[in-house]
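All chains are named by letter (A, B, ...) in the order of the sequence lines, taking the proteins before the strands, and each is independently numbered beginning at 1.
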Amino acid sequence: MMTQIVFYVFAAVLVLSATMVVCARNPVHSVLFLILAFFNAAGLFLIAGAEFLAMTLVIVYVGAVAVLFLFVVMMLDVRFAQMREGVQRYAPIGAAVGGVLLVELIMAFTHWRVAGNIGQITHLVPSSPTRTNTAALGDVLYTHYIFLFQTCALVLLVAMIGAIVLTLRDRPTGRRQNIDRQHDRIPQESLEMLQVPLGAGVAAQGGFLRPHDSYDVAAVPGTYGTEAWRAREAAEQTQTALVVITPAQGAKGQDDE
Amino acid sequence: MNWTLALPEIVLALSGLAILLAGVMQKRGQAFFSCAMMTLLAFVVTGVLVVISPDGTGYSHVFINDGFARFMKVLSLTGAALSLVLSVGYAREMEIDKFEFPVLILFSTLGAMIMASSGNLMTLFVGLELSSLSIYILCAFARDRVGAAEAGLKYFVLGSLASGILLYGISLAYGFAGTLEYAGLQQAVRGSAVLPAGLMVGIVFVLVGLCFKLSMVPFHMWTPDVYQGAPTSVTAYMAGAPKIAAFAVLLRVMAGPFGSMTPQWQLLIEVVSALSMVFGSLAAIPQGNIKRLMAYSSIGHMGYAMIGMAAGTAEGTRGTLVYLVTYLFMNVGAFAGIVAMRRNGRAVTRISDLAGLGRTDPGMALAMAIFMFSMAGAPPLAGFFGKLMVFYAAINAHLYALAAIGIVSSVIGAYYYIRIVKVMFFDTAVPALDRSPVSVSFVSVGMGLVTVFFVVGLGPVATAAQAAASALFR
């Protein structure tokens with residue numbers, strides 16, 4: 001009885017929050033509802049006795065994926081209003097496609113049947129009934145399917161190589177350090193300690209001494225401070241400099257164009 | 001636990017990691033050649049290990065090694081090694097001269113090998129993803145060219161969709177049998193009197209996903225653009241090893257787990273095969289770009305190779321395997337010619353750029369002519385024997401209509417192959433192409449000899465293919 005009540009609570013909240021993910025106007029609210037949905041799904045897993053899946057859902061989906069979504073939504077300037085422009089026009093088509101899919105799914109699963117001799121086929125089952133499902137999943141992943149597990153690792157490695165190969169560019173203006181020389185430096189070579197009398201200010205002492213050539217000392221020869229470098233730096237400055245725009249009347253830093 | 005079964009794969013994977021490390025250690029921009037050579041060495045060593053590897057099932061039935069797997073693995077390794085040799089000569093001009101290039105080819109080949117010895121639908125999927133993901137990256141490898149970026153993106157988006165469909169099909173099969181192992185699936189299919197519609201949908205989806213990788217006709221849309229946009233040596237690779245691996249899993253899955261329902265899926269394979277042959281030969285006719293022409297040609301060739309599968313017998317499988325061998329060699333040879341098409345240091349890909357090659361570079365023109373005649377199926381050359389064996393199997397399996405369509409479309413296809421020969425030998429000469437580097441000439445001459453003298457090696461190849469096919473139909 002108690003379990004059923006808990007189930008219905010989790011299930012109802014899950015369905016409601018899933019609906020809100022789609023319907024919420026503010027994308028940040030959508031992501032927050034998504035997190036709520038994940039938590040409730042984890043609760044359902046707990047009721048079903050899959051405690052490892054429940055914890056994984058919370059850690060992976062709430063801890064990493066949802067937070068990543070939140071970052072994307074808040075950091076990137078995605079025009080959600082623009083993305084929603086077509087909703088009115090495309091809604092009937094979308095609903096029709098969804099309806100057809102639903103009917104097909106219902107047809108497929110009402111007539112579903114498993115193999116007649118399914119009892120004679122070998123399946124993977126936990127070695128003893130007392131084995132926790134964390135241990136059982138560990139058996140499957142790291143013992144039975146170790147070959148697949150390692151191959152998946154290679155797939156991820158290839159994805160990593162791909163990301164680097166396709167995006168990493170060797171910038172000619174990169175300020176690479178000569179690590180040895182950087183480590184060899186000591187403060188006395190580049191900085192000077194001044195005794196500043198109280199209330200006198202530092203102007204009389206020549207102002208703050210700044211280590212204006214320190215980077216030259218530690219840089220890889222020919223990469224910093226040269227004429228070519230200065231020219232490139234100036235060119236880059238003009239390209240990437242922030243343009244300061246005086247806010248017009250009524251504009252309060254928001255883009256409500 | 002018989003882990004030594006996968007020794008070739010383990011050695012290849014480890015050497016991939018070692019080559020990656022060696023590439024990072026070296027000075028930027030200078031590591032390509034040494035890494036490519038190390039990769040070639042790794043391919044050779046792995047090939048030897050594959051040949052001497054024992055039969056058996058390992059890793060709790062995830063991995064099968066048998067004659068069929070060995071045959072397909074040796075073929076994939078050969079294709080990969082040859083296309084890597086093709087990429088060495090013009091690496092800088094094609095903008096692929098980074099050490100990651102050979103490493104990605106290596107991992108893609110590893111995926112192909114894992115597919116060839118899959119004993120479980122999960123192995124199939126993971127191997128397929130390893131192989132495809134590397135190819136997506138390789139397509140976009142010359143990242144500053146719009147064509148390459150388009151090819152990579154297009155292939156990635158469509159390929160992901162196909163992988164999704166394949167995975168959905170696998171999940172439906174799992175819902176039926178409760179296991180993903182081929183042996184278990186076979187037992188379940190044989191033991192059930194009534195097969196549910198859901199399982200049929202699953203099998204069709206698996207077929208669709210694999211047919212996409214093979215660029216069979218209703219799922220071929222990506223092929224011309226990707227072939228054209230990708231760097232030429234990548235195209236040469238794509239037309240070889242991955243297709244062989246996809247055929248390996250298709251043959252294994254259809255003969256093994258779903259072998260007892262051959263009548264149900266046979267018509268589907270026949271239709272796909274017929275459409276590919278007809279479309280491949282008709283759509284290639286108006287093409288002016290030789291890479292696009294090769295794309296349509298490969299669609300057609302996959303159709304011919306599938307005839308053997310449609311037959312659903314060990315004899316048909318043998319035909320398909322021999323066809324794949326001949327296709328691999330003549331295809332790499334033709335791509336060696338395309339890689340060498342350069343004028344004043346710039347790549348040219350129009351068929352009209354070949355005009356007068358018979359006078360300016362008789363050796364290369366002769367090699368190209370041999371490959372074109374072989375692809376058309378002219379008798380003493382390699383391509384003829386492949387076609388002969390699949391048509392023979394189709395006739396013996398009473399698929400007369402399919403054999404007739406195949407013969408008619410190969411006659412139509414001969415038109416555009418022989419048109420290239422005509423352009424090379426009889427059209428007025430345009431300025432000569434650049435001299436090709438030794439590595440490209442080596443591949444071109446070697447494949448030319450193999451194509452011409454294939455009849456000498458036909459006996460051993462057919463015997464090996466027979467052994468491989470009978471391993472499937474045991």
query: Is A/Phe38 atom CZ crowded by more than 12 heavy atoms from other residues, nucleotides or ligands, each under 6.0 Å away?
result: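 Yes, enclosed.
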
message: Surrounding NE2 of B/His61 (heavy atoms of other residues, nucleotides or ligands, distance under 6.0 Å), is the total greater than 12?
response: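 Atom NE2 in B/His61 is not packed in, count stays at 12 or less.
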
Options B/Ala149, B/Ala183, B/Gly178, ranked by heavy-atom pairs under 4.5 Å with chain A, top entry: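 Answer, by heavy-atom pair count under 4.5 Å with chain A: B/Gly178.
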
Between [X] and [Y], what is the shortest heavy-atom contact and its length?
{"X": "B/Glu181", "Y": "A/Thr122", "answer": "OE1-OG1, 4.3 Å"}
{"X": "A/Val165", "Y": "B/Lys98", "answer": "O-NZ, 3.6 Å"}
{"X": "B/Gly175", "Y": "A/Val114", "answer": "O-CG1, 3.4 Å"}
{"X": "B/Ala177", "Y": "A/Ala115", "answer": "CA-CB, 4.5 Å"}
{"X": "A/Asn117", "Y": "B/Ala188", "answer": "OD1-CA, 3.6 Å"}

Does any non-hydrogen side-chain atom of [Y] lie less than 4.5 Å from one of [X]?
{"X": "A/Tyr145", "Y": "B/Asn120", "result": "yes"}
{"X": "B/Asp144", "Y": "A/Arg169", "result": "yes"}
{"X": "B/Val62", "Y": "A/Leu148", "result": "yes"}
{"X": "A/Thr151", "Y": "B/Phe125", "result": "no"}

Atom pair [atom1]/[atom2] of [X] and [Y] - distance to nearest 0.5 Å:
{"X": "B/Gln186", "Y": "A/Ile121", "atom1": "CD", "atom2": "CD1", "value": "11.0 Å"}
{"X": "B/Arg143", "Y": "A/Leu168", "atom1": "CZ", "atom2": "CG", "value": "7.0 Å"}
{"X": "A/Arg113", "Y": "B/Phe176", "atom1": "CZ", "atom2": "CZ", "value": "9.0 Å"}
{"X": "A/Ile161", "Y": "B/Ile137", "atom1": "CD1", "atom2": "CD1", "value": "7.5 Å"}

Go through the atoms of [X] and report whether side chain, backbone, both or neither lie under 4.5 Å from a heavy atom of chain B.
{"X": "A/Leu157", "value": "side chain"}
{"X": "A/Gln150", "value": "neither"}
{"X": "A/Ala163", "value": "neither"}
{"X": "A/Ile118", "value": "side chain"}

Name the region of [X], side chain, backbone, both or neither, that has any atom closer than 4.5 Å to a heavy atom of chain A.
{"X": "B/Leu133", "answer": "both"}
{"X": "B/Leu172", "answer": "both"}
{"X": "B/Ile10", "answer": "neither"}
{"X": "B/Val103", "answer": "side chain"}
{"X": "B/Leu130", "answer": "both"}
{"X": "B/Leu110", "answer": "side chain"}
{"X": "B/Ala140", "answer": "both"}
{"X": "B/Phe63", "answer": "side chain"}
{"X": "B/Ala6", "answer": "side chain"}

query: Do you know which of A/Val155, A/Leu156, A/Ile164 has the most heavy-atom pairs with chain B at a distance under 4.5 angstrom?
result: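 Heavy-atom pair counts peak at A/Val155.
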
